[in-house]
Every structure is written in C-alpha cells, then in structure tokens.
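Here is the structure we will look at, set down as structure tokens.
Residues take their numbers from the sequence shown, with the count starting at 1.
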Amino acid sequence: MRRIRRRDLLRTATATAVAGAAGVPTLDTVTFASGPGAPAVTRTVSGRLPAGAPDYVYLPVEVPPGVHEIAVAYTYDRPAVPAGTQGNACDIGIFDERGTGLGGAGFRGWSGGARTEFAIGTERATPGYLPGPVRPGTWHVVLGPYTVAPQGLAYEVTVTLRYGTPGGAPAGTPGGSPPRAVYPPQRAKGRGRAWYRGDNHLHSVHSDGKRTPAEIAAAARAAGLDWITTTEHNTTSAHAAWEGLWGDDLLILTGEEVTTRNGHVVALGTDPGTFIDWRYRARDGAFGRFARRIRQAGGLVVPAHPYGTCVGCNWKYGFEEADAVEVWNGPYTPDDEVAVAAWDAMLVASVRDGGRWLPAMGNSDAHREPQVVGLPQTVVLADDLSRQALQAGLRAGRSWIAESSAVKLSFEVTGGRGRHAGIGERLEVGRDTPVTARLEVSGVPERCTATFVTDQGPLFTTAVGGGGVIEWRTTPSYAAYVRAEVRHPVADGGASGVPGPMVAMTNPVFLGER
C-alpha cells in the first residue's frame with residue numbers, strides 16, 4: 001500500500017463563532033475527506049475562550065464512513081494570574097452522532113481535566129469513554145472551561161480519524177464488535193439481617209482517580225467493607241470494569257458522581273449503564289428532572305460534600321430531591337463540621353414542621369494513595385447484602401458512620417413499658433415518659449469522648465476512650481430526638497471551642513408520638 005503523508009490543517013475559531021441549533025455555543029465544524037485517503041487523518045483547531053465563557057463549548061466533527069477509531073488530544077495555556085484569581089482549567093469529553101441533547105443519548109465519554117487525550121474504537125476505549133461503533137455523522141468534542149483566567153483560555157484540539165478496522169483490514173470489511181458488558185450482580189451472600197459496611201463514593205482511573213478497579217476492590221476488602229459503589233465523575237465507563245472483582249464477601253454497586261457547576265451528587269446504586277447528565281446549573285431548573293431519572297434507574301440521590309471548598313463543589317440545589325446527604329467526606333475537616341451542623345438544623349426543622357427527615361451518610365471519596373478507602377464508611381442495617389435492601393436501610397436512616405471497621409457501635413432508646421427504638425426509628429411514648437438513651441462503643445482511640453445530641457444541641461458528654469457503655473435519661477418533651485457522636489480529643493485542649501474530629505456518629509432516634 002502506498003504510504004500517504006498525514007495532513008494537518010490549522011484553523012482558528014472562537015467560542016461565539018456559530019450558535020448551535022439548541023442555542024449552545026458551537027464552534028465551526030471540523031470536516032474530513034469523505035473517503036480514507038490515508039490510514040489516519042488529523043485536523044487541528046485552535047482558538048481562545050474569553051473570561052466568562054459558557055460552561056460548555058461544542059466542537060462539531062464530521063465523521064465520514066469507514067472510521068474505526070476517533071482520537072482526540074488537547075492543550076490549553078496556563079498564564080500567570082493575580083493572587084486570589086482563578087487560573088485556566090478546561091475539561092473535555094465527547095458525544096457521538098446521536099447528538100448533544102440534555103439527557104445524554106449521544107454520550108460517549110468524559111475525562112474532565114484528568115487526561116489530555118483519549119481514543120474511542122469499536123472494541124476498546126480510553127477509561128472514561130465508551131467503546132462501540134464510530135458511526136458516520138456529526139460528533140461533538142465538548143470543552144468545559146471550568147475556570148478561565150482574565151486573559152482568556154487559549155486552546156488547541158487535535159482530532160485524528162483512523163480508517164479500516166481494528167485488525168487493519170480495509171475499510172468496508174467486517175470489523176470488531178463492542179465487548180459484551182459484564183456488570184456486577186445485585187446481591188452477595190451476606191449474613192442475613194445484619195449491619196453492613198460500605199463506601200459509596202469512590203474514583204478510579206475511569207475518571208480522576210489513580211487506582212484501578214482491582215486496587216479499589218483490594219482496598220475495600222482490606223478496610224473490612226461489605227459493599228462499595230463505583231461513582232466516577234460524569235461517566236459510566238467503569239460500570240463494566242469490575243468483572244472478577246466481586247464475590248460472596250464484596251458487593252459492588254454502580255453509580256455516578258454527577259459533577260455540575262453548582263454541586264456534586266452521588267447517584268448511588270443506579271442500574272448498570274445508566275448515564276445521568278450534568279450539564280446544568282441550579283438556575284436552569286433541570287436538577288429535579290435528573291434526580292427523578294436517578295430514582296427511575298433504581299438509585300438514591302445523595303448530595304456530596306455539600307460545603308466542599310473546591311470550585312463548583314458547594315451544593316446549590318436544595319435538599320427537596322435528596323434521599324440522604326453526605327455529611328462526612330474523607331478525613332474529617334471543617335467543611336464536614338459545617339455539613340453536620342447544617343444537617344442537624346434540618347433535623348430540627350423536620351421535627352418542627354412534621355415533615356420528612358434526611359438521613360446522613362459518610363464516604364471516603366478516595367482517589368489515590370494515601371487516601372484511605374473506607375475512611376469514613378456508612379454502616380447500614382439491611383435484611384441482606386443486596387442493592388435493594390441496602391438502599392432501603394439508607395433511605396430509612398437505619399445507619400451510622402465510622403472512621404474505620406475497627407469502630408463498633410450500638411445505639412438505642414428504651415422506655416415506656418419496655419419499648420425500644422434503634423437508629424432511624426421512633427420511640428412512640430408520651431411527652432413526659434422517662435426514656436433512656438444507651439450507647440455502646442468499642443474499638444475507638446483513647447481519650448475520645450461520646451456525646452448525646454438533641455434538638456437543643458449537645459446535652460451530655462463523657463469520656464469513652466477505648467470503648468464503653470454510656471446511658472442518659474430524658475423525656476420526649478425535653479428532647480425530640482437523640483443521636484450520638486464519638487469524637488477524637490480536641491488538639492488545642494478546647495481553647496478554640498471547636499470540637500475534635502469525628503470517630504463515629506449515628507442517625508437520630510426520634511422520641512414521642514407522631
């Protein structure tokens with residue numbers, strides 16, 4: 001075969017070059033020859049996005065017949081910026097010929113800012129992207145200018161089309177087919193009705209993590225977990241990446257961290273292969289639609305790190321659509337303290353208004369070493385080790401959070417002729433009935449304290465280093481609910497008034513008649 005030199009074409013475009021049919025910012029279309037004049041053909045485009053650029057800018061690419069792989073690489077400048085000013089950061093992804101409509105029919109992958117290049121072919125794709133046919137039509141590379149410096153963001157995108165089939169056969173001959181997706185089962189052996197430990201916010205090489213799925217599974221087992229959920233940023237490519245990694249001792253659920261510009265939400269336990277779009281803000285009024293989509297796909301809606309300090313991490317959508325809230329994300333930090341306080345205020349509001357309450361949960365959000373899988377972990381009372389049973393336990397608030405599997409805890413409130421209620425339940429007794437809250441803990445570090453927290457705030461604190469049993473008496477008229485916290489000692493001896501980091505915390509037990 002005659003060797004043909006690859007041709008490069010440099011074009012310049014701006015974000016406002018062409019308005020797309022749906023009103024989205026769309027650049028000039030990149031076109032290629034209709035037939036394979038060479039085994040691979042490359043086009044390069046460059047331009048500059050201004051400060052205040054739209055959240056997503058689309059670069060149309062006309063893909064002719066006979067292509068077996070599309071590859072994309074990009075770069076952008078990082079000029080110096082004044083102190084306190086955000087510099088340039090630009091994400092990337094791609095939609096195929098089915099279009100860019102909100103909802104994701106054409107979604108083929110997203111890597112955010114974790115990669116500078118990716119490729120999609122029939123049989124394989126870069127992690128974060130979905131393999132499958134490269135059908136002819138208009139594809140769209142998506143640029144996501146996460147932050148833009150005052151000078152603007154100069155970008156360059158290179159698109160390469162490879163013709164023929166993966167085996168090198170001439171274009172038009174039968175090629176490969178996408179690998180059959182093998183998804184994790186929805187149930188593991190378990191221990192019947194029991195407390196199961198899980199970490200439901202994890203990242204691998206399929207988004208911005210550094211661990212492989214195999215490394216995450218090994219870390220989960222080492223952490224004493226019974227179940228995990230894979231939650232990559234804005235992609236489902238990891239759903240089929242766990243074959244051979246689950247077992248009777250480890251249930252693996254599928255999900256997504258839906259990473260919008262107004263906060264992140266964990267779609268926990270959605271049907272394998274379900275994609276949830278992220279291209280909206282709170283002001284667009286679209287979140288309710290996608291929260292319903294999460295639930296339609298069998299998942300839970302869990303706002304993640306709602307008071308996180310990274311750009312776009314603060315939760316702006318309200319909690320009306322939430323099934324639970326992640327109040328503890330990774331090692332316990334001041335933003336977690338704010339999240340716990342805000343969640344507790346929501347508990348008070350639910351008591352006052354008689355509305356539903358929102359359970360708390362904690363996850364590691366681990367991306368790489370030395371971040372610890374299972375720090376923290378949510379411990380759920382479930383009828384068995386299955387997606388349905390675990391989600392029912394989380395939704396009901398029959399759960400507590402621990403910094404490790406070494407920490408063991410039981411908590412209940414008793415009173416009124418032998419009645420008792422556990423975590424997430426209600427003890428239905430009269431307003432003036434004496435009740436006893438009882439907390440038993442073990443495996444906690446020395447010098448820790450345990451506290452009973454009510455709608456008035458912390459009402460009883462005692463030392464519990466190493467473990468022990470703590471009891472406290474009250475009435476429903478004095479405390480509408482009781483929950484327990486175990487904390488590390490305060491580093492400054494209490495001079496700052498800031499409590500020590502959390503070791504464990506429970507969802508509440510509610511007191512009084514409905």
Side-chain angles (χ1 to χ4, degrees), residues 193 195 300 302-303 318-328 337 339-362 378-383 391-402 409-441 449-462 464 468-487 499 502 504-514:
R193 185 171 176 81
W195 291 92
L300 300 183
V302 184
F319 295 93
E320 293 80 6
E321 296 285 355
D323 296 304
V325 58
E326 185 185 79
V327 301
W328 182 354
E337 190 67 39
V340 170
W343 167 71
D344 189 78
M346 287 192 285
L347 292 179
V348 175
S350 73
V351 170
R352 179 192 65 224
D353 301 334
R356 74 182 184 103
W357 66 282
L358 197 61
M361 65 181 306
T378 299
V379 192
V380 184
L381 179 61
D383 289 337
Q391 289 177 328
L394 286 172
R395 195 181 291 109
R398 297 192 301 267
S399 58
W400 55 281
I401 312 169
L409 174 155
S410 66
F411 179 58
E412 68 173 1
V413 183
T414 59
R417 298 182 179 178
R419 294 183 180 182
H420 62 90
I423 299 170
E425 298 177 339
R426 175 177 290 274
L427 182 64
E428 295 197 40
V429 294
R431 286 176 49 82
D432 297 321
T433 302
V435 299
T436 300
R438 185 179 191 275
L439 173 69
E440 182 175 357
V441 295
T449 58
T451 299
F452 290 126
V453 183
T454 77
D455 52 317
Q456 292 189 68
L459 287 182
F460 180 76
T461 300
T462 187
V464 70
V469 178
I470 305 99
E471 292 187 348
W472 176 67
R473 299 191 72 189
T474 187
T475 63
S477 61
Y478 192 66
Y481 62 83
V482 183
R483 61 182 184 84
E485 294 182 353
V486 180
R487 291 179 178 262
M502 200 76 73
M505 60 174 285
T506 73
N507 276 301
V509 178
F510 292 92
L511 307 179
E513 297 171 341
R514 296 181 188 274

Q | Nearest non-hydrogen partners of V380 and L394, listed with the distance | A | CG2-CD2, 3.5 Å

(Q) Using 0.5 Å steps for rounding, measure from the CG atom of L459 to the OG1 atom of T474. (A) 7.0 Å

**Q.** Donor-acceptor under 3.5 Å (Q456 side chain, Y478 main chain)
**A.** yes

**Q.** Short side-chain to backbone donor-acceptor contact, T451 and V453, under 3.5 Å
**A.** no

Q. Aromatic rings F460 and W472: how do their planes relate, parallel, tilted or perpendicular, breaks at 30° and 60°?
A. parallel

Q: Walk me through it: do T433 and L427 pass the test side chain to side chain contact (heavy atoms under 4.5 Å, CB included)?
A: CA-CA 11 Å; T433 302; L427 182 64; over 6 Å; no

(Q) Can you give me the closest heavy-atom contact between V429 and G415, atom names plus distance? (A) CG1-O, 3.8 Å

Q | Residue pair V482 / A437: nearest heavy atoms and the distance that separates them | A | CG1-CB, 4.2 Å

Q | Approximate separation, where rounding is to 0.5 Å, of L358 CG and D323 CG | A | 8.0 Å

Q: Tell me, with the steps shown, if V340 and W328 meet side chain to side chain contact (heavy atoms under 4.5 Å, CB included).
A: CA-CA 8 Å; V340 170; W328 182 354; 5.7 Å; no

(Q) Within this structure, what is the CZ-CZ distance for the pair R438 and F452, rounded to the nearest 0.5 Å? (A) 10.0 Å

**Q.** Counterpart residues, salt bridge (Lys or Arg N to Asp or Glu O under 4.0 Å), relative to R431 (two or more places apart)
**A.** none

**Q.** Heavy-atom closest contact (I470 atom, A450 atom, distance)
**A.** CD1-CB, 4.0 Å

Q: Could you grab the distance from atom CD of E337 to atom CE of M502, nearest 0.5 Å is fine?
A: 6.0 Å

Q. From E440 CD over to E471 CD, what is the distance, rounded to the nearest 0.5 angstrom?
A. 10.0 Å

Q: Go through the steps for L409 and L439 under the test side chain to side chain contact (heavy atoms under 4.5 Å, CB included), then give the verdict.
A: CA-CA 7 Å; L409 174 155; L439 173 69; 3.7 Å; yes

Q. For V379, what residues pass the side-chain contact (heavy atoms from CB on, under 4.5 Å) criterion, not counting sequence neighbours?
A. W195, R197, W400

(Q) Which residues pass the salt bridge (Lys or Arg N to Asp or Glu O under 4.0 Å) test with D344, not counting sequence neighbours? (A) R483

Give every donor-acceptor pair under 3.5 Å between a side-chain atom in residues 504-514 and any protein atom, sequence neighbours left out.
unit_1, atom_1, unit_2, atom_2, d
T506, OG1, A484, N, 3.0
N507, OD1, A360, N, 2.9
N507, ND2, A360, O, 3.2
N507, ND2, S399, O, 3.1
N507, ND2, S399, OG, 2.9
R514, NE, E428, OE2, 3.2

**Q.** Residue list, salt bridge (Lys or Arg N to Asp or Glu O under 4.0 Å) with R398, at least two apart or on another chain
**A.** none

Q) Which pairs pass salt bridge (Lys or Arg N to Asp or Glu O under 4.0 Å) with one or both residues in residues 348-357, sequence neighbours excluded? A) none

Q. Do you know the tightest heavy-atom contact between P476 and G430?
A. CG-O, 3.3 Å

Q: Would you name the heavy atoms of V351 and A480 that are closest together and state the gap between them?
A: CG1-CB, 3.5 Å

Q. Would you say R473 has more than 12 foreign heavy atoms packed within less than 6.0 Å of its CZ?
A. no

